[in-house]
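In what follows, chains carry the letters A, B, and so on, assigned in the order in which the sequence lines appear, proteins first and then strands, with residues in each chain numbered from 1.
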2 protein chains.
Amino acid sequence: MRPTVHDIAAEAGVSLATVDRVLNNRPGVRTVTRDKVERAIATLGYIRDVAAANLAKSRSYPLIFILPEGENAFMRGLEAEVQSAMARSAVERTDVSILSVPAFDASALADALDEARRRGPAGVAVVAVEAPEVVAAVGRLREDGIAVVTLVSDLTGSEREHFAGVDNIAAGRTAGSLMRRFVGGRDGPVAIVAGSMLVRDHRDRLEGFSAAVNEGAAKRQLLPVVEGHDDPSEVENLVQDLLAAHPNLTGIYSLGAGNRGLIAALEKAGRQSEICAIAHELTPYSRAALVSGTIDALLNQDAGHEVRSAIRVLKARADGLSMIEAQERIRIDIFLKDNLPVEPV
Amino acid sequence: MRPTVHDIAAEAGVSLATVDRVLNNRPGVRTVTRDKVERAIATLGYIRDVAAANLAKSRSYPLIFILPEGENAFMRGLEAEVQSAMARSAVERTDVSILSVPAFDASALADALDEARRRGPAGVAVVAVEAPEVVAAVGRLREDGIAVVTLVSDLTGSEREHFAGVDNIAAGRTAGSLMRRFVGGRDGPVAIVAGSMLVRDHRDRLEGFSAAVNEGAAKRQLLPVVEGHDDPSEVENLVQDLLAAHPNLTGIYSLGAGNRGLIAALEKAGRQSEICAIAHELTPYSRAALVSGTIDALLNQDAGHEVRSAIRVLKARADGLSMIEAQERIRIDIFLKDNLPVEPV
DNA sequence: CTGTTAGCGCCTTCAT
DNA sequence: ATGAAGGCGCTAACAG
């Protein structure tokens with residue numbers, strides 16, 4: 001039987017309440033007493049039963065997730081993950097709500113952050129747009145002692161406690177490395193389609209890709225980046241133009257969303273097998289395109305992991321506890337059609 | 001405040017004990033009473049607090065892991081994961097122990113299973129070797145009501161409740177697909193090094209690889225499989241011979257362990273950059289080789305996930321509960337040097 | 001068949 | 001500064 005608070009109390013010759021005070025280092029204990037208790041804890045090798053502690057506390061954590069609206073399939077998947085976290089809220093003692101904001105709109109996002117602040121939650125998770133007003137709004141939340149984590153896209157220079165997302169420079173590098181090997185000896189330029197250079201994750205991916213795709217010998221021509229604002233029809237038009245302008249195009253890297261447009265343009269032009277397409281995020285559309293061969297490789301961040309990680313970190317920070325950095329690191333998954341996980345994703 | 005057993009008792013006009021009986025569908029409740037309680041549960045939208053239930057039960061789960069001994073780095077990593085599960089045993093109410101057996105030795109494994117049975121645990125996780133005596137020993141465990149899951153390598157025809165490992169046919173296919181694209185237009189055969197055809201996972205990987213590497217047009221020559229028994233020096237000798245015999249070798253697929261030998265042979269021959277090497281499992285050795293470029297891609301199964309999944313399933317089965325199949329599916333991770341997760345793995 | 005009572009390990013008033 | 005007692009939500013004897 002592992003030792004309990006009773007055992008420590010007995011060993012140290014004090015009451016349960018004192019043991020509890022020491023355990024949660026609350027004030028009102030003389031140093032000598034504290035030492036006695038700590039010695040007892042050490043000799044008995046006590047480990048606190050977190051479940052029992054939570055039961056006794058019956059504490060709950062009001063958390064707000066701020067997500068971009070629109071038909072971006074990845075973001076909708078992310079929202080679904082937040083929703084299933086809401087379903088678990090009973091057992092996780094958390095009280096999660098969602099605030100939707102227009103995509104790529106810094107001032108709307110800043111307003112939403114202020115609205116979240118008004119509601120006084122224990123923590124806020126936000127898909128950031130990089131802008132000074134957003135940084136400032138995050139600062140106000142932190143002043144009120146509200147924990148903040150950025151989700152998917154980070155916010156440079158802000159006071160956020162943690163970033164729950166992937167290393168996007170590495171993700172871009174991975175895409176570049178795959179592109180280089182997949183196109184092999186074939187000639188012709190490679191195109192890059194981004195969402196917006198306003199968000200950190202897209203800028204980082206571009207940087208990584210550009211560096212890795214031309215590592216080693218061959219210098220392949222990279223076409224100037226075009227921005228499709230994660231909108232399928234805008235992306236479709238852009239890709240259509242690219243295809244028309246470059247009959248010898250060998251590859252397309254789509255580093256943002258709106259992949260439905262990419263897929264449609266490639267298939268309408270009938271050039272899906274000659275062009276190596278690499279994109280991000282596993283959605284029903286991109287999955288189908290990977291299976292059919294229109295897309296050759298997909299990089300993914302596990303939205304479920306990101307949401308769960310954000311919640312863990314937010315809860316820990318709300319309690320003033322620290323987190324295990326390495327454990328919360330989100331992986332960059334590579335999917336080919338052969339190692340596609342089972343549906344639904 | 002979410003409803004508790006007290007609320008149900010009040011709503012249904014019965015005592016706590018009766019509510020508990022219904023909740024855990026224990027016998028000794030009239031159908032009418034049971035109905036009343038179930039109606040109350042439904043109308044109040046009751047969700048049981050598992051943590052509190054576990055606390056009250058103060059149940060613990062004795063679990064035995066049977067692992068192959070030897071210097072196979074992946075298996076040692078797996079053992080380390082089991083050990084860190086032992087460290088968590090306090091909080092998870094589990095009591096994990098390890099039984100070591102010689103690798104690829106069916107009769108030793110059968111003996112170990114019988115030994116495990118003698119100890120009467122709630123469940124057993126085993127890295128299987130496929131042989132009738134092993135199947136029989138698993139059958140005996142199941143007869144005693146002991147839950148069994150296979151780990152990493154499955155056991156066809158056995159009564160195991162679950163396989164905690166990857167789809168190895170898909171893993172082989174993934175390797176084949178990468179090999180095909182990475183070697184591109186270059187000529188020359190591809191070699192395959194296995195551990196042993198006695199274990200299911202190696203046979204499955206071979207099957208998947210053979211099918212995928214020659215999908216589409218080009219028919220690349222596959223050399224006959226050689227078996228290195230997951231032993232670094234044996235593997236090194238085999239690869240050395242392969243390199244000598246085939247000056248135009250373009251690729252090597254190592255589908256088992258002993259990759260230290262593969263790496264040494266390639267580097268001693270100075271042919272690491274001209275030959276595309278794809279291997280399995282991220283270990284300190286294979287990681288270094290991926291970074292240096294000797295290995296081009298690594299497929300991995302997350303040993304930590306496998307161990308945690310095995311424990312979850314074993315606990316659930318010991319309680320006669322079901323598991324969510326999809327949730328326990330282990331992914332096939334692809335690592336290039338660009339998306340390598342942070343150390344230590 | 002059903003109810004009463006006493007915990008599980010911890011935290012939290014309220015006294016002292 | 002310390003202790004006693006009650007309760008978190010659930011389960012498990014033991015009585016009726």
Side-chain angles (χ1 to χ4, degrees), chain A residues 1-38 40-41 44-61 88-95 318-321, chain B residues 1-38 40-41 44-61 88-95 318-321:
Chain A
M1 222 49 218
R2 66 193 256 230
T4 75
V5 277
H6 290 90
D7 301 316
I8 311 183
E11 172 82 15
V14 297
S15 77
L16 286 185
T18 301
V19 173
D20 185 74
R21 289 185 187 103
V22 174
L23 279 174
N24 299 288
N25 52 69
R26 269 188 283 267
V29 187
R30 272 184 313 173
T31 318
V32 262
T33 321
R34 183 173 295 272
D35 284 351
K36 266 196 306 190
V37 175
E38 265 156 5
I41 292 177
L44 294 187
Y46 169 81
I47 321 165
R48 145 224 243 107
D49 183 329
V50 193
N54 283 336
L55 175 58
K57 282 199 278 237
S58 65
R59 186 189 194 315
S60 102
Y61 302 80
R88 288 194 306 272
S89 68
V91 13
E92 290 181 349
R93 301 181 180 287
T94 149
D95 175 19
D319 286 339
L321 303 175
Chain B
M1 222 51 216
R2 66 192 254 233
T4 74
V5 276
H6 290 91
D7 301 317
I8 308 183
E11 172 82 14
V14 298
S15 76
L16 285 187
T18 301
V19 173
D20 185 71
R21 289 188 187 100
V22 174
L23 279 174
N24 299 287
N25 51 69
R26 272 187 280 266
V29 186
R30 272 185 311 174
T31 318
V32 261
T33 321
R34 184 174 295 273
D35 284 351
K36 266 196 305 190
V37 175
E38 265 156 4
I41 292 177
L44 295 187
Y46 170 81
I47 321 166
R48 152 223 241 101
D49 182 329
V50 195
N54 282 336
L55 175 59
K57 282 199 279 234
S58 65
R59 186 189 194 318
S60 102
Y61 303 80
R88 287 193 307 272
S89 67
V91 16
E92 291 181 350
R93 300 183 181 287
T94 149
D95 175 18
D319 285 340
L321 303 175

Indicate, with a heavy-atom threshold strictly under 4.0 Å, whether A/V14 touches base, sugar-phosphate, or nothing.
sugar-phosphate
Nearest to side-chain heavy atoms of A/N24, which nucleotide of D/dG9, D/dG3, C/dC11:
C/dC11
Mind calculating the distance between CG (B/D49) and P (C/dC8) to the nearest angstrom?
18 Å
How long is the line joining CG of B/L16 and P of D/dC14, in whole Å?
19 Å
Check whether any side-chain nitrogen or oxygen of B/S15 sits under 4.0 Å from OP1 or OP2 of C/dT4, and answer yes or no.
no
Could you tell me whether the phosphate oxygens of D/dT2, OP1 or OP2, come under 4.0 Å of any side-chain nitrogen or oxygen in A/R30?
yes
Out of C/dC10, D/dG3, D/dC10, minimum distance to the side chain of A/Y46 belongs to C/dC10
Using side chain to side chain contact (heavy atoms under 4.5 Å, CB included), reason through A/R34 and A/V14 one step at a time and then give a plain yes or no.
CA-CA 10 Å; A/R34 183 173 295 272; A/V14 297; over 6 Å; no
Tell me whether the side-chain N/O atoms of B/R21 come closer than 4.0 Å to OP1 or OP2 in D/dA12.
no
So which heavy atom on B/P3 is nearest to which on B/G45, and how close?
CG-O, 3.9 Å
Ignoring backbone atoms, test whether B/S58 places a side-chain nitrogen or oxygen under 4.0 Å from the OP1 or OP2 oxygen of D/dT11.
no
D/dC10 C1' sits how many Å from A/L55 CG, rounded?
8 Å
A/D95 and A/S89, any side-chain heavy atoms less than 4.5 Å apart
no
Check the distance between C/dT12's C1' and A/L23's CG and give it to me in whole angstrom.
14 Å
Heavy-atom side-chain proximity of A/V22 to A/T33 below 4.5 angstrom
no
For B/N54 and B/T31, find the nucleotide of DNA chain C closest to each by heavy atoms; which residue's nucleotide sits nearer the 5' end?
B/T31
Gap between atoms CD1 and P, on B/I8 and D/dC10 respectively (whole Å)
7 Å
Which of D/dT11, C/dT12, D/dC8 is nearest the side chain of A/A56? It is D/dC8
Where do B/D20 and B/R26 land on the side chain to side chain contact (heavy atoms under 4.5 Å, CB included) test, with the steps shown first?
CA-CA 8 Å; B/D20 185 71; B/R26 272 187 280 266; 2.2 Å; yes
Tell me: CG of B/L44 to P of D/dG9, nearest whole Å?
14 Å
Gap separating the CD1 atom of B/I41 from the CD atom of B/E11, nearest 0.5 angstrom
11.0 Å
Taking the side chain of B/K57 as heavy atoms from C-beta outward, which of D/dG3, D/dT11, D/dC10 is closest to it?
D/dT11
Whole-Å distance between C/dC11 C1' and A/R48 CZ?
10 Å
Reckon B/R26 touches a base, only the sugar-phosphate, or nothing at all at heavy-atom distances under 4.0 Å?
sugar-phosphate
Euclidean distance, atom CG of residue B/D20 to atom C1' of C/dC8 [Å, nearest integer]
14 Å
Looking at B/R93, does any N or O in its side chain come under 4.0 Å of the phosphate oxygens OP1/OP2 on C/dC8?
no
Using a heavy-atom cut-off of 4.0 Å across all strands, would you classify A/A53 as base, sugar-phosphate, or nothing?
sugar-phosphate
State whether B/T33 places a side-chain N or O below 4.0 Å from either non-bridging phosphate oxygen (OP1 or OP2) of C/dC1.
no
